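Notes follow once the structure below has been shown.
All of these numbers come straight from a predicted model, not from anything done at the bench. Letters A, B, ... are given to chains in the order of the sequence lines, protein chains preceding strands, and every chain is numbered from 1.
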There are 4 protein chains.
Amino acid sequence: MARGINKVILVGNLGNDPDTKYTQGGMAVTRISLATTSVRKDKDGNQQERTEWHRVVFFGKLGEIAGEYLRKGSQVYVEGSLRYDKYTGQDGVEKYSTDIIADEMQMLGGRGEGGGGGGGNYDRGSRPQRSGGGDAPQQRSAPPSRQSAPQQQRPAPMDDFSDDDIPF
Amino acid sequence: MARGINKVILVGNLGNDPDTKYTQGGMAVTRISLATTSVRKDKDGNQQERTEWHRVVFFGKLGEIAGEYLRKGSQVYVEGSLRYDKYTGQDGVEKYSTDIIADEMQMLGGRGEGGGGGGGNYDRGSRPQRSGGGDAPQQRSAPPSRQSAPQQQRPAPMDDFSDDDIPF
Amino acid sequence: MARGINKVILVGNLGNDPDTKYTQGGMAVTRISLATTSVRKDKDGNQQERTEWHRVVFFGKLGEIAGEYLRKGSQVYVEGSLRYDKYTGQDGVEKYSTDIIADEMQMLGGRGEGGGGGGGNYDRGSRPQRSGGGDAPQQRSAPPSRQSAPQQQRPAPMDDFSDDDIPF
Amino acid sequence: MARGINKVILVGNLGNDPDTKYTQGGMAVTRISLATTSVRKDKDGNQQERTEWHRVVFFGKLGEIAGEYLRKGSQVYVEGSLRYDKYTGQDGVEKYSTDIIADEMQMLGGRGEGGGGGGGNYDRGSRPQRSGGGDAPQQRSAPPSRQSAPQQQRPAPMDDFSDDDIPF
DNA sequence: TTTT
DNA sequence: TTTT
């Protein structure tokens, strides 16, 4: 049982192609660098722009999809949570990192390099369409299915319930 | 593959105790009425209040938890999506309804009747603590106690991955 | 002082061109119909799609911008709040409506009719680029061009403050 | 005109009393440390807890309100955006920090030390209730008002508009 | 009524 | 119908 809400919502563009690695167990871990730009007027009335570069990480199936479909310049919606890490660098100095651990992704109509317009909303429960054997391990045992209650469209009154009255 | 984002985030108080029903298949469907109030100044400089009453629906395990722990007056965080329905009433007239289908819930430190401070964040994947087998009793056992600020930091490298490097 | 959070976040496509009207005081009120589609597997394992049509309303400057730049098919990010209204129709019957009152909008790389890729994030504080003085023409000038990933980092100390250390 | 969405939503508890400082210009800058805890099952089926400590910064009027009403243990809803900074420490080493710049806050029914149950939703446009002269400068010139269109409740049909048809 |  |  958790305590608290830790939610991040981003819409931005990738600064580079995604970087996908695989764990020994074969789980995909894809990282992207995502830019969001905001503007404000400073006290002299000049327009000031500022860009934040977010480090976003996708795990598992979402990592495979992100690695396959996103490209430098792609515009994407990401939902996830903040994770702060502290580690000791090779130089012996303590370092800190901040990542957004994605749990939902929606490709938007980006037209960056490698663009691939398309669209489609994926969450951690989605299965990737990876057809070929590509260059990555990929042998994965049965993935944990995350749907608690599968069901069907609901065109209906609202007072009695069937098992089809579901979340969609 | 979905297209689009449909997300609602609410923090409000219940106007009444939850209403839980069960489908023939045994799935819980809990409905609550949730108030959110906002204020603004009108053009005459007077404070104006306006309250929206949201119809929130919880399905499955989340429905059982909502029915068990929430009460009239409880303050709650809800995340979900909008669903619009059209149906024909008993009077033969077409009617429309708007519901927020919850997929995450966090009980906040409410103090309404039956208050039960408690706290705890549940999503559709959570398992309810329903002890009995029946189809709707309501005897609540001790609510999970409140920690104000538990913690501890997690030191870890970030460049190689094990299968434990997970979404959390 | 308000009580509660009432927040909606949508990414979807317009089903039609926006409808802009003006109040007697000259305030723009723009309405759009926004589609979001989700999918799930029903109990027979078939893909089921469901589309929600959201009624989104933009007031004031945001209403002018929405009316000027959005078109049928445009993909847009909208943030706002839920408002439920009850009124009596001309037929004397009580009716209910649900609207999302927008307070932020971001045009995404849509390619619908009249597409106009464009992009740009506006909130209620933004000033529209309406050049003319009239109360509703619609001749659109050149839309703001698209940058895929502009940036630059901002180096700065964080312990003492000047009046420039602002929210951005 | 901005590009992108950079939004953070947190519900958590303060690890310490807020720290409020004032710029030379008299603007309040309040910092808090906010805990959010999540749980998951590891691969051995054990419950694993993890707490993230978020650095949240409130500027201006919101900073005054946060400094006045929040306390160690308080439960709070915060909405804001991510800001990453890079600076050189006194030891000459480059350091990085991540802050959430708050633009909305809602005190929840917390009961931590100094509790102050209360509730109330404030955004950057809110005026603090600071009555006394306290220990802080505070001389501030005319604050920029952020409401574009003030108005009043709307109990009404939906086809014609008056200047009262407003955002609320 | 959109979109893929 | 809640809450402050």
Side-chain angles (χ1 to χ4, degrees), chain A residues 69 77 106-110 115-122 129, chain B residues 1-6 10-19 31-39 47 49-56 70-78 84 86 107-115, chain C residues 1-6 10-19 31-39 47 49-56 70-78 84 86 107-115, chain D residues 69 77 106-110 115-122 129:
Chain A
Y69 292 107
Y77 169 96
Q106 159 96 39
M107 290 177 279
L108 304 171
N121 177 347
Y122 305 90
Q129 263 71 358
Chain B
M1 185 191 66
R3 289 277 308 156
I5 298 295
N6 171 358
L10 303 173
V11 173
N13 297 279
L14 278 76
N16 284 298
D17 282 350
D19 169 46
R31 292 173 173 282
I32 65 169
S33 192
L34 196 65
T36 60
T37 301
S38 58
V39 282
Q47 292 267 54
E49 279 209 353
R50 183 182 158 103
T51 296
E52 303 301 334
W53 286 97
H54 309 272
R55 296 163 38 118
V56 180
L70 298 179
R71 288 293 171 270
K72 178 178 181 176
S74 298
Q75 189 180 33
V76 70
Y77 169 97
V78 168
Y84 308 102
K86 178 184 174 182
M107 291 176 279
L108 305 171
R111 305 197 217 65
E113 287 181 35
Chain C
M1 185 191 63
R3 289 275 307 155
I5 298 296
N6 172 359
L10 303 173
V11 173
N13 296 278
L14 277 76
N16 284 297
D17 281 352
D19 169 47
R31 292 174 173 282
I32 64 169
S33 193
L34 195 64
T36 59
T37 300
S38 58
V39 282
Q47 293 267 55
E49 279 210 351
R50 182 182 161 104
T51 295
E52 305 299 336
W53 285 99
H54 309 272
R55 296 164 36 119
V56 180
L70 299 179
R71 286 295 172 266
K72 178 178 180 177
S74 298
Q75 188 180 34
V76 68
Y77 168 97
V78 168
Y84 308 103
K86 178 184 173 182
M107 292 176 278
L108 305 172
R111 304 198 218 66
E113 287 181 36
Chain D
Y69 292 106
Y77 169 96
Q106 161 96 40
M107 291 177 278
L108 305 172
N121 177 347
Y122 305 91
Q129 263 70 359

In whole Å, I'd like the distance from the [atom1] atom of [X] to the [atom2] atom of [N].
| X | N | atom1 | atom2 | result |
| --- | --- | --- | --- | --- |
| Leu108(B) | dT2(F) | CG | P | 19 Å |
| Lys86(B) | dT1(E) | NZ | C1' | 13 Å |
| His54(B) | dT3(F) | NE2 | C1' | 13 Å |
| Leu14(B) | dT4(F) | CG | C1' | 16 Å |
| Ile5(B) | dT3(E) | CD1 | C1' | 14 Å |
| Gln106(A) | dT2(E) | CD | C1' | 13 Å |
| Asp19(B) | dT1(F) | CG | P | 17 Å |
| Arg50(C) | dT4(E) | CZ | P | 22 Å |

Flag side-chain contact, heavy atom, 4.5 Å: Leu108(B) against Val11(B): yes

Side chain of [X], heavy atoms from C-beta onward: which of [options] has the nearest atom to it?
| X | options | result |
| --- | --- | --- |
| Lys72(B) | dT2(E), dT2(F), dT1(E) | dT2(F) |
| Arg3(C) | dT2(E), dT4(F), dT1(F) | dT4(F) |
| Asn13(C) | dT1(E), dT1(F), dT3(E) | dT3(E) |
| Ala35(B) | dT2(E), dT2(F), dT1(E) | dT2(F) |

Residue pair Thr36(B), His54(B): steps toward the side-chain hydrogen bond (donor to acceptor under 3.5 Å, both in side chains) verdict: CA-CA 8 Å; Thr36(B) 60; His54(B) 309 272; 2.9 Å; yes

Roughly how far apart are [X] [atom1] and [Y] [atom2], rounded to 0.5 Å?
| X | Y | atom1 | atom2 | result |
| --- | --- | --- | --- | --- |
| Ser33(C) | Asn13(C) | OG | CG | 11.5 Å |
| Gln106(D) | Gln75(B) | CD | CD | 6.5 Å |
| Tyr77(B) | Leu34(B) | OH | CG | 12.5 Å |

Heavy-atom donor-acceptor pair, Thr37(C) side-chain to dT3(E) base, under 3.5 Å: no

Ring-base stacking, Trp53(B) with dT2(F) (5.5 Å, 30° cut-offs): no

